[in-house]
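Working notes for the structure below.
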Amino acid sequence: MHKKLFIPGPTEVREDVLKKLSTPQIGHRSAEFQQLYSSIVEKLKKVLYTDNTIILSTSSGTGLMELATRNFIEKRALGTICGAFSDRWAKIAKANGKQIDSIEVEWGKHIPTEDIEKELSTGKYDCLLYTHNETSTGVRNPIEELAEVMKKFPDVIWCVDAVSSMGGDLLKLDELGVDFICTSTQKAFALPSGLAIGVLTDKAIQKSEQVPDKGYYFSVKTFMKYSERNQTPTTPAIPHLFALDYQLDRILDEGMENRYERHKQMAEFVRAWARQNFDLFPEPGYESVTLTTIANTRAISVADLNKQLAGRNKTISNGYGNLKEKTFRIAHMGDMTLDDIKELLNDIEEILQL
Ligand SMILES: *Cc1c(COP(=O)(O)O)cnc(C)c1O
């Protein structure tokens with residue numbers, strides 16, 4: 001029996017979307033493919049409020065995090081660590097032989113914008129790595145506030161990991177002025193895993209031309225050569241492209257602003273429930289709209305709760321890494337509805353006899 005996924009990726013995929021994955025295949029150098037590709041790009045631009053360049057990568061989101069480190073760091077990067085995924089990005093930079101220093105805050109806290117401003121003012125850095133929504137802690141960093149500050153640093157390439165927020169949270173990219181941002185399809189876009197989406201400005205593209213040793217698979221130069229022809233450099237996950245094209249129609253039909261409102265409603269509902277029955281893990285004012293990390297103040301066994309939820313065909317996430325059993329996470333992203341969330345919380349109340 002399928003368990004409904006209330007976990008922060010992979011998320012629940014609708015039946016009609018799943019069916020699109022079995023569309024008969026087409027050649028990736030055919031005119032039909034070019035049409036499919038340009039259809040996806042045009043729709044993504046609407047969903048993300050951008051005129052910048054879109055790239056579609058057959059990899060998970062981590063691939064595009066690696067792309068950022070290989071293409072945009074020439075001198076030295078500034079990392080911003082507030083949990084497991086932001087920590088991973090700094091590690092990726094090092095693994096690619098790049099120089100990086102990081103601002104690091106306690107898990108559950110956000111990255112203070114003034115700390116970034118102070119560090120960038122030293123002039124030591126040409127790239128900033130910033131995690132919009134830290135999935136391990138449920139913290140949403142204040143990207144709108146940072147957008148104002150980044151205007152003062154036109155020589156810094158601002159890279160954002162929006163893997164667990166893009167497509168759920170509202171990201172008006174051109175207004176924000178982000179130079180590079182990436183996601184993978186298995187989170188708020190509610191598709192299966194296997195494809196990643198990146199958006200980059202001309203400034204980021206120009207920067208990458210200057211940076212040596214970009215490799216091949218994740219070289220912006222390779223992507224650019226093919227994206228101009230509405231193609232991908234190598235054979236992409238064509239099933240995902242059919243499903244993405246279809247899902248983007250659904251997202252545009254709902255309207256991105258409405259989709260965001262739905263996410264906010266679900267988040268507010270889960271937060272109110274969590275405050276009443278447990279507590280919230282993130283510091284107040286910085287809670288994610290796509291997932292809620294709940295502090296396990298009742299010391300319940302999260303593993304047991306999940307076992308019982310499995311009997312009701314549902315699953316939630318335990319805490320990440322060291323936060324296992326100390327916290328648990330409920331994702332409310334993608335195509336989930338408030339009714340789904342109410343049913344889940346009702347089940348949890350019955351199981352725990354709250
Ligand atoms: C899931 C996630 C990743 C990793 O994405 P993959 O597609 O598994 O590579 C990176 N960053 C954040 C914030 C995530 O939530």
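Remember, it's a predicted structure, so these values are computed and weren't measured experimentally. Counting starts at 1 for both ligands and their atoms, following the listed order. For this chain, numbers begin at 1 and follow the sequence in order.
- In the vicinity of Ser164, heavy-atom distances shorter than 4.0 Å reach the ligand 1 atoms 13 (C), 15 (O).
- Remark: Lys4 does not engage Glu12 in a salt bridge, criterion side-chain N to carboxylate O under 4.0 Å.
- Residue-to-ligand polar distances place Thr62 within reach of ligand 1: an N/O pair is separated by less than 3.5 Å.
- Between Glu287 and Arg140 the shortest heavy-atom distance is O-CB, 3.8 Å.
- The pair Asp304-Lys307 meets the salt-bridge criterion, with a side-chain N (NZ, NE, NH1 or NH2) lying under 4.0 Å from an Asp/Glu carboxylate O.
- From the protein, the heavy atom lying nearest to atom 2 (C) of ligand 1 is Lys187 NZ, 2.6 Å.
- Taking every non-hydrogen atom of Gly61 and a distance limit under 4.0 Å, the qualifying atoms of ligand 1 come out as 6 (P), 7 (O), 9 (O).
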Original post:
Could you walk me through whether Asp245 and Ser39 pass the side-chain hydrogen bond (donor to acceptor under 3.5 Å, both in side chains) check?
Top reply: CA-CA 7 Å; Asp245 190 46; Ser39 160; 2.6 Å; yes
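- Salt bridge status for Asp161 with Arg88: absent, with no side-chain N to carboxylate O gap under 4.0 Å.
- Checking each of Ile348, Asp347, Asp340 against Lys314 for a side-chain contact (heavy atoms from CB on, under 4.5 Å) leaves exactly one that passes, namely Asp347.
- Phe153 pairs by the ring pair (Phe, Tyr, Trp, His ring centres under 6.0 Å) definition with nothing, not counting sequence neighbours.
- Less than 4.0 angstrom separates some heavy atom of Ser184 from each of these atoms of ligand 1: 5 (O), 6 (P), 7 (O).
- Contact atoms of ligand 1 toward Arg88: 4 (C) (distance under 4.0 Å to a heavy atom of the residue).
- The nearest protein atom to atom 15 (O) of ligand 1, hydrogens excluded, is given as Thr135 OG1, 2.4 Å; this is a heavy-atom distance.
- Side-chain contact, Thr201 with Asp179: a donor N or O sits under 3.5 Å from an acceptor N or O.
- Looking from atom 10 (C) of ligand 1 to the surrounding protein, the closest heavy atom is Phe85 CD2, 3.4 Å.
- The option with the heavy atom closest to atom 11 (N) of ligand 1, from among Asn133, Asp161, Leu195, is Asp161.
- For Ser60, heavy-atom contacts with ligand 1 shorter than 4.0 Å involve the backbone as well as the side chain.
- Ligand-side atoms of ligand 1 in range of Met65: 10 (C), range being under 4.0 angstrom from any heavy atom.
- With respect to atom 8 (O) of ligand 1, the closest heavy atom belonging to the protein is Gln186 NE2, 3.6 Å.
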